[in-house]
Each structure stands twice: as C-alpha cells, then as structure tokens.
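A short write-up of the structure that comes next.
Below, chains carry the letters A, B, ... as their sequence lines are ordered, and counting in each starts from 1. Fair warning: this is a prediction, and the values are worked out from it, not measured in the lab.
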There are 2 protein chains.
Amino acid sequence: MLDDIQNPEDLEQDDIQDAVLDGRRISAIRDAVEEADAERVNRLLEPLHSADIADLLEQVEPDERESILLLAPNAVDGDVLSELEETIREEVILALPPEVLNEAVRDLDSDDVVDLIEDLEDEQVDAILQALDGADRIAVEQSLSYPEYSAGRLMQREVVSAPEHWTVGHAIDYLRATEELPEQFYHVTLVDPRMRPVGNVTLGRLMGSPRATALADIQEETFRTIPVTEEQGAVAYAFNQYHLISAPVVDDDGRLVGMITIDDAMIVLDEEHEEDILRLAGVGESSLTDRVIETTKQRLPWLIVNLLTAILASLVIAQFEDAIATVVALAVLMPIVASMGGNAGTQSLTVAVRSLATRDLTGSNVWRVIRRETIVGLINGVVFAVIMAIVGLIWFGNPMLGGVIAVAMVVNLVIAALAGTLIPIGLERVGVDPALASGTFVTTVTDVVGFFAFLGLASAVLL
Amino acid sequence: MLDDIQNPEDLEQDDIQDAVLDGRRISAIRDAVEEADAERVNRLLEPLHSADIADLLEQVEPDERESILLLAPNAVDGDVLSELEETIREEVILALPPEVLNEAVRDLDSDDVVDLIEDLEDEQVDAILQALDGADRIAVEQSLSYPEYSAGRLMQREVVSAPEHWTVGHAIDYLRATEELPEQFYHVTLVDPRMRPVGNVTLGRLMGSPRATALADIQEETFRTIPVTEEQGAVAYAFNQYHLISAPVVDDDGRLVGMITIDDAMIVLDEEHEEDILRLAGVGESSLTDRVIETTKQRLPWLIVNLLTAILASLVIAQFEDAIATVVALAVLMPIVASMGGNAGTQSLTVAVRSLATRDLTGSNVWRVIRRETIVGLINGVVFAVIMAIVGLIWFGNPMLGGVIAVAMVVNLVIAALAGTLIPIGLERVGVDPALASGTFVTTVTDVVGFFAFLGLASAVLL
C-alpha cells in the first residue's frame with residue numbers, strides 16, 4: 001500500500017479501465033499541480049474512478065487539494081462528493097464554483113443526494129436543495145423525513161413491480177415498453193392488489209423462462225421485506241444472513257415504498273464493522289482526515305474514563321503501601337498480574353461483543369458460553385500460575401512470593417473470563433452498545449481484582 | 001437478541017416468509033426435541049431459512065443437536081451445511097445418514113461445494129467428492145487447484161458472455177434460447193474474439209434498451225476484471241471501493257474463466273473484518289462453537305507473548321526498587337502513567353491499522369498522519385499532566401511528585417502516539433499483518449517508557 005514512486009512518465013498510456021490510484025499516479029498529479037499544469041492534472045484524473053479521486057483529495061495536503069479543485073473543478077462530480085469523508089466533503093463543497101456544485105448534485109439519484117447532505121451544515125443543505133429541480137427536491141425532503149440510519153434513508157424509491165398474477169411474457173413486454181427503468185435493479189417485485197410485496201423474480205430467471213410461465217412459479221425461495229423504519233445495521237445483517245441481492249422496503253401497512261440493494265447494504269456492513277473496531281479501542285467516530293482538534297476531542301473522553309479507572313486501581317494499591325514498603329518485590333510483580341488479567345479479559349470480551357453483534361450469542365447458548373469461558377480462564381490461570389511461581393521463585397528466591405502470585409493469577413484470569421463475558425451481555429440487555437463501554441469496565445475489574453488479590457494475599461501471607 | 005420466551009403455541013401459524021429464529025421458536029423446537037416429536041420438529045424447522053437452521057444447530061447443546069439430526073435429518077440440506085461453522089459442520093457431516101449427505105451435496109453449485117469442503121478432513125472430502133457426479137467432481141477439483149483464499153476459489157464458473165460487437169437484440173435472443181442459464185447472474189460480460197472480457201452490460205439496461213442498440217454502447221461505466229490468483233481480501237476491497245455487483249475473473253492471459261458476485265464479496269468483507277477485530281484483541285481465528293481445548297490453544301500464545309512483555313516491564317521497575325522502597329507513592333502512581341500510555345497507544349494504533357486496511361493511509365499522507373498523531377499525543381499529554389500534577393499534589397502533598405508524574409505523562413503519551421502509528425506502518429512494510437502484532441509491541445513500548453520515565457525521573461529528582 002505504501003507504494004514506491006517510479007517512472008511517472010508512462011502513466012498517461014494506461015489502459016483507462018484499469019487505472020488505479022497508486023503512488024506513481026499520486027506523485028505525478030502532485031507534480032502537475034505544483035507546475036499548475038491544468039491540462040495534465042485533468043488528463044491524469046480523467047481515467048480514475050470517482051472513489052479513487054475522492055481518496056486522492058483526502059490524502060493530499062490541504063493546499064494541494066485547493067489547487068486541484070482550482071485546476072480541475074470538473075473532475076469533481078456528484079459521485080466524487082458522495083465518496084468523500086465528511087470533513088473533506090464540507091471543505092470541497094465550499095471550494096467548488098456554484099455551477100460545478102449544482103451540476104454535480106443534479107447528476108445524482110435522490111438517495112445519493114440524501115446520503116450526501118445528511119451530515120452537512122444547514123446552509124450547505126439549503127444550497128444543494130436549491131440546485132435540484134422540484135420533483136427531486138421533494139423526493140430528497142421526503143427521504144430526510146425518515147429517521148437517520150433507517151432503511152428509509154438507505155432505500156431508492158425507484159422500484160420495478162408487477163402484479164403477482166402476471167406471466168413472464170407480461171413482465172418482459174412491460175419492461176421492454178417502459179421508458180425509463182431504474183439505473184439499478186435486479187428483481188421484479190411481485191405485489192398483491194394492495195401494493196404489498198409478496199415475492200421477487202430475478203431478471204435472470206425472467207430471461208430464462210418461457211413466456212407462459214407464471215411469475216409466481218419462478219419467484220426466489222428466499223424473500224424478505226424490510227420495514228422502512230428498520231435500523232440500518234439490522235438491514236445489513238439481513239442481507240448478509242440471507243444472502244439477499246435486493247429487498248423491497250415497506251411502510252407500516254406493508255405497502256411497497258422503495259428498495260434496498262446489496263451494494264448499499266455492503267457499505268453499511270463495512271461502516272458498522274469500522275465503528276465497532278474503533279469503539280472497542282475507545283476511539284469513537286473518527287477518520288484519518290479529521291484535524292488535530294477534532295481528533296483530540298474524540299479521544300479525550302475515553303482517556304478521562306481510563307484515568308478514573310486507573311486512579312481507582314491506584315487507590316487499591318495505596319491500601320497496601322506498608323506491604324510494598326516491606327517487600328518491594330510486590331511493586332515489581334504486581335503489574336504482571338493486572339496486565340495478564342487485562343489481556344485475557346479483552347480476549348473474552350472481544351469474542352462476546354462480536355458474537356452479540358452477529359447474533360450468535362443468544363439466550364439459548366449464553367450459559368454454555370459463560371461456562372466455556374470460565375473453564376478456559378481457569379486453565380490459562382493455572383498455566384500462568386505455574387510459570388509465575390517458578391519466575392517468582394527464581395527471581396526473588398522466595399517460594400511464598402511465588403505461591404502468592406500463582407494464586408492471584410488464577411483468581412484474576414477466572415474473573416477476567418467472567419467479566420469479559422458477563423459485562424458485554426449485561427450492557428446489551430440494558431440497551432448500551434457493548435462495543436462502546438465493555439473495555440473500560442472489564443479492565444477496571446481486572447486491574448482492581450489483580451492488585452487486590454495479589455497485594456491482599458501477600459499482606460496476609462508474607463508479613 | 002437475548003429474547004424472552006412466550007407463547008410457543010401460536011408459532012406454527014407464522015407466515016412462512018417471515019419466519020425468524022427467535023427465542024420462542026428455539027424453545028419450542030427444544031421442547032419438541034425433548035418429547036422426540038419428529039413431526040413437530042420438522043414442522044417448526046420447515047419455514048426457517050437455511051442460515052437460521054445452521055444458527056440453531058450451533059446454539060443448542062451437543063446432545064440436542066444429535067437429536068435434531070436424528071428426528072429431522074432432511075432439514076439439513078446443502079445450504080445448511082454451507083452456513084455451519086467449521087467445527088459443527090464436521091460433527092453434522094459425521095452424524096448425517098450417507099444418503100442425506102449425498103443428496104445435500106448434489107444440491108449445491110460447484111463453488112459452494114468447494115467452500116464446504118475446503119476446511120474438512122481428507123476422508124470427509126473424499127466422501128463428499130464421491131457423492132458428486134463426474135462433471136461436478138472435476139469442477140470442484142479444478143477450483144481446489146487454485147490457492148486458498150484466492151479469487152479462483154471464490155468464483156463461480158458459470159458466466160454469461162457475449163461477443164463485444166453484438167446488439168441488444170442478439171443478446172436477448174441468445175438468452176431466451178439458452179437452455180440453462182446460471183442461477184445467479186446480473187450482467188452479460190462482453191468479450192473480445194480471444195475471450196478476454198472488455199465490459200459488462202446489466203440485465204436491467206439490456207431490458208430497457210432498443211433491440212438495435214450495440215451492447216458496447218450500454219456497457220457499465222465502471223468495469224474491473226479480477227485476476228484468478230488475486231487474494232480474496234483484495235477482491236472484497238475492489239467490490240466495496242468501486243461498488244461492483246459482479247466482476248469477471250481472468251487467467252494469466254486475461255481470458256475469462258469465471259465470475260464473482262457481490263454477495264460472495266460481502267461474505268469475504270465480513271470475514272476479513274471479523275478476523276481483524278479478533279486479531280487486534282489477540283484472539284486469532286476463533287468462533288463461539290469452538291470447544292474449551294481449541295479456545296485455550298488459540299488464546300494461550302497471545303497471553304504468553306503478553307507475559308514476556310509484562311516481565312520486561314517488571315524488569316524496568318526492578319531497576320528502581322530503592323526509589324520505591326523510599327517513596328512508596330511511586331508504586332501507587334506508576335500504573336497510572338503506564339495505563340494511560342497503553343490506552344492512548346491503542347487508540348492511535350487502531351486508527352492506523354484500519355487506515356492501512358482500507359488503504360487510506362498511503363505514502364502520500366503518512367507524514368501528515370504521524371504529525372497529527374504526535375500533536376494530539378502532546379495535547380492529551382499536557383491535559384493529563386496538569387490533572388495528574390494536581391492529583392499527585394492533593395493526594396501525597398508533594399509538589400515534586402506531581403511534577404514528575406506530569407512530565408512522565410507528557411513523554412509517555414507522545415511516545416504512545418508515535419509507537420501507535422509507526423509500529424503498524426513498519427509491520428505493514430515488512431509484510432506482517434499489523435492487526436496481528438501491533439498491539440503487543442505498542443503496549444510494550446508504553447509500559448516500558450511509562451515506568452522508565454516516571455521512576456527514572458523520580459529517582460533523579462526526589463531522592
């Protein structure tokens with residue numbers, strides 16, 4: 001990924017369809033920008049996919065970005081805007097000449113416009129809505145009336161449907177006669193007389209079936225409808241679990257209002273995963289293009305929570321100051337017990353958080369999983385108890401010290417396994433995202449228990 | 001997700017298409033299994049999607065699973081086998097009557113059979129290959145000849161292609177006349193006379209265009225081919241980045257050999273994310289259905305690595321035994337510095353690992369990102385230095401101690417930011433997966449630096 005830079009000359013001969021944004025192209029573009037060679041910048045950008053142009057704009061320095069927008073404003077179309085990270089997108093929208101922006105927005109389908117503007121400031125939203133003609137503006141405003149992160153925001157309104165009693169011949173004739181089919185559709189959705197979807201027929205099956213065949217006879221085995229208010233994470237789960245390609249979206253009365261396709265579900269799945277990973281690390285929402293001040297703001301709260309839990313652990317240590325003053329080896333060894341607990345707890349926790357997210361951990365297997373984690377914690381505890389008893393004995397020549405650290409290790413690894421499993425489950429039950437908060441709770445438990453078990457036992461036995 | 005159980009009676013009246021595997025249904029099935037009521041078990045399983053039947057088999061106790069397979073062997077078809085986790089799948093394959101297994105396997109497309117058997121033991125693979133008829137067996141064996149995790153393993157061999165000079169009319173007539181179209185296809189792939197793919201036409205565009213239109217004129221704007229040896233993670237990246245629905249797979253000479261569809265790419269994306277999350281937590285490959293012994297084996301290695309780094313940190317502390325014996329407050333406060341460094345380092349690290357995985361962190365912005373992380377580390381360091389100076393002063397009434405912890409905090413948070421960014425980048429450069437190994441390295445650095453800075457400075461200033 002961190003490409004070396006070589007021969008920027010022969011780039012312009014690239015096959016357009018396979019043009020990629022590699023280190024060579026980036027540096028060629030930067031050179032052209034520095035020379036203010038507008039024609040060359042445009043020529044280098046032209047074969048790139050809009051997702052790659054967006055990546056480029058994110059990766060260059062802010063002043064280079066400004067120059068690119070100045071030299072090649074037309075390279076930024078609606079798709080590029082859609083692909084940009086939020087912070088950079090705002091910057092680009094402000095920098096683009098109004099006529100280029102209007103042109104870019106008018107290019108997009110209404111669901112892409114919704115996606116584009118839902119994170120923008122109000123004035124920018126207004127500027128973009130003004131650029132749309134009446135019908136599109138109404139469609140966008142309607143979509144915005146659905147809750148954020150709902151199926152309603154994700155769906156496209158253009159759907160191809162057919163009465164459930166039609167034949168293949170009916171459907172083909174209808175499709176051939178329709179003036180404007182949606183840009184993206186893979187199924188014909190069968191509807192009952194009240195416009196409630198009852199099945200899907202793929203275009204492939206339609207093509208491959210005799211004209212007299214009833215559509216109902218070639219509908220797909222797996223068919224799911226999605227409520228318009230469904231949360232987008234649940235939508236992505238359904239697509240992934242049931243291998244859907246597209247699914248009709250229905251309102252409260254079960255009537256067809258739109259359609260979601262797998263490519264949009266894949267983007268959501270990707271975002272949800274990304275969010276989970278970052279939340280597990282205490283980073284919150286964040287991107288590489290955020291500026292220093294935003295990044296600091298995102299990370300500070302988690303570090304403050306961590307400081308409070310670290311102080312709590314220190315308060316535990318402070319209870320045993322006398323023991324430490326007498327046997328300094330305790331201070332040397334105590335971080336090992338806490339650290340092992342923290343790591344083992346994080347392992348259990350991560351497995352539990354993921355299993356909850358993928359709905360593999362349910363009421364029917366929760367006790368079996370808790371039992372398994374506890375036994376694994378016990379086995380790991382015993383293994384490391386033996387190792388640490390030997391280390392303690394050799395290092396400090398004190399068999400009692402070895403015994404103390406061994407017992408503390410077993411206790412802490414079992415507690416780590418329990419905390420790592422029970423805390424995410426408990427958070428899920430009370431409606432808190434376990435990815436968001438589990439880590440802090442679990443390491444607090446393992447720190448406090450680790451220090452307390454080790455130092456408490458040492459005070460009782462060694463002093 | 002942890003559903004409560006209520007009214008199992010009215011389950012059988014469910015609309016088949018919306019049947020879900022909730023707590024009610026699971027407990028109804030368990031009841032029926034306990035009563036050995038084969039008819040009722042079958043009736044409850046019948047409306048479920050194969051992915052849900054697989055989830056059920058994973059979630060029940062091993063003896064219940066055995067009973068289900070005994071009472072309702074025919075509920076397990078090829079799709080259910082495909083959806084099962086590896087460990088459970090082996091168990092189910094061994095428990096199924098041979099005729100049911102053969103039937104199940106013959107149901108599947110060749111690419112699904114490949115997916116099914118690539119993780120099985122050799123004898124089981126042979127048993128399954130025997131169940132296939134000649135042509136299917138050859139197709140499966142050919143797929144298995146491609147490297148594991150390559151596009152060749154992922155692709156389906158059934159492709160619909162057309163000469164690039166054809167018109168819409170040609171293509172429609174050809175599709176209508178073809179006896180057996182693939183079950184899944186969304187594009188007609190245009191090929192040159194040497195069978196090299198040059199473009200894609202969606203079935204929707206085909207349906208919506210006049211018969212005289214040249215296929216080349218309605219081909220999709222975005223078109224990518226995938227080399228048969230491409231690693232599956234790169235395939236998933238391409239689908240996600242370029243919003244592909246299906247893409248032709250080509251051999252070394254650029255000739256069409258198969259096709260990958262977005263639903264398979266989505267599964268890969270999901271798996272790769274899952275793997276990254278687990279690797280970041282030091283869990284390795286793992287699933288909820290693994291048994292105690294497998295789980296212990298996966299987790300022990302990482303805990304051993306952690307033990308070594310914890311001992312390394314303890315060796316640093318041991319250098320300052322005298323200082324700790326004199327000022328016990330040092331032992332109380334030192335974990336705070338290390339813990340804050342570890343957390344801040346994990347934040348930087350997670351952002352860096354993800355940015356590398358999504359190819360957002362490249363040669364062109366690496367220095368800017370490092371600069372940003374360092375400044376953020378410095379700001380956070382100063383914030384927590386001030387807080388800890390005050391805490392140290394109030395708690396221990398020693399302004400020098402407050403000053404020492406403040407300086408150590410700034411040093412460790414800056415180092416944490418640098419280590420959290422540079423270590424993943426370095427690992428990526430030498431070809432090691434940064435998700436796999438970064439965490440250990442970074443926390444080792446922050447522990448060692450944290451203890452050394454705090455205790456070293458304290459020794460110099462306070463003694």
Side-chain angles (χ1 to χ4, degrees), chain A residues 1-3 17 23 26 49 51 59 175 181 185-186 203-204 207-208 223 240-243 262-263 266 270 273 277 281-283 288 292 295-296 299 303 306 310 313-314 317-318 321 324-325 328 331-332 335-336 339 343 346-347 350-351 354-355 359-360 362-365 372 375-376 379-380, chain B residues 1-3 17 23 26 49 51 59 175 181 185-186 203-204 207-208 223 240-243 262-263 266 270 273 277 281-283 288 292 295-296 299 303 306 310 313-314 317-318 321 324-325 328 331-332 335-336 339 343 346-347 350-351 354-355 359-360 362-365 372 375-376 379-380:
Chain A
M1 263 134 264
L2 299 162
D3 296 296
Q17 302 209 308
I26 294 178
H49 188 276
Q59 287 174 20
L175 288 175
L181 292 172
F185 78 108
Y186 312 102
L203 292 184
M207 281 289 197
F223 174 69
N240 200 30
Q241 172 84 349
Y242 303 117
H243 310 303
I262 184 175
D263 52 330
M266 189 173 182
D270 189 47
H273 267 121
I277 296 180
V283 185
L288 214 59
V292 164
T295 308
T296 311
R299 300 203 192 161
L303 292 176
N306 182 62
S314 289
I317 300 173
E321 282 192 357
I324 293 171
V328 182
V332 174
I336 297 180
S339 158
N343 270 267
T346 303
Q347 290 181 334
T350 305
V351 171
R354 290 312 304 158
S355 307
R359 305 189 193 180
D360 289 328
T362 67
S364 55
N365 61 353
R372 184 195 69 173
I375 297 174
V376 171
I379 296 175
N380 282 336
Chain B
M1 263 136 260
L2 300 162
D3 296 297
Q17 303 209 307
I26 293 178
H49 188 277
Q59 287 174 20
L175 288 174
L181 290 172
F185 78 108
Y186 311 102
L203 293 184
M207 281 289 195
F223 174 69
N240 200 30
Q241 172 85 349
Y242 302 118
H243 311 302
I262 184 175
D263 52 330
M266 188 173 182
D270 189 47
H273 267 122
I277 296 180
V283 185
L288 214 58
V292 165
T295 309
T296 311
R299 301 205 191 159
L303 292 176
N306 181 61
S314 289
I317 300 174
E321 282 192 358
I324 293 172
V328 183
V332 174
I336 297 180
S339 159
N343 269 269
T346 303
Q347 290 181 334
T350 305
V351 171
R354 290 312 304 160
S355 307
R359 306 189 192 179
D360 289 327
T362 66
S364 56
N365 61 353
R372 184 195 70 171
I375 298 174
V376 171
I379 296 175
N380 282 336

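Note that CG of B:Leu303 is 5.0 Å distant from CG of A:Asn380, once rounded to the nearest 0.5 Å. Separation of atoms OG1 (B:Thr295) and CD1 (A:Ile379) is listed at 9.0 Å; rounding is to 0.5 Å.
Residue contact with chain B, scored on non-hydrogen atoms closer than 4.5 Å, is absent for A:Ala313. For chain A, the nearby part of B:Leu181 is the side chain; its heavy atoms alone come within less than 4.5 Å. In this structure, the portions of B:Leu175 lying under 4.5 Å from any heavy atom of chain A include both its backbone and its side chain. For chain B, the nearby parts of A:Leu203 are the backbone and the side chain; heavy atoms of each come within less than 4.5 Å.
Residues passing the side chain to side chain donor-acceptor pair (under 3.5 Å) test with A:Asp270 are B:Asn240, B:His273, sequence neighbours excluded. Qualifying salt bridge (charged side-chain N to carboxylate O under 4.0 Å, His left out) partners for A:Arg354, counting only residues two or more places apart in sequence or in other chains: A:Asp276, B:Glu274.
Among A:Ile262, A:Thr350, A:Val283, A:Thr346, the residue making the largest number of heavy-atom pairs under 4.5 Å with chain B is A:Ile262. Most heavy-atom pairs under 4.5 Å with chain B, from the set A:Ile277, A:Thr296, A:Val328, A:Asn306: that is A:Asn306. Heavy-atom pairs under 4.5 Å with chain B were tallied for A:Val332, A:Asp263, A:Ile317; the largest tally goes to A:Val332.
The nearest pair of heavy atoms linking A:Ala281 to B:Gln347 is O-CG, 3.5 Å.
Ring geometry, A:His49 versus B:His243: the interplanar angle falls from 30° to 60°, so the pair is classed tilted.
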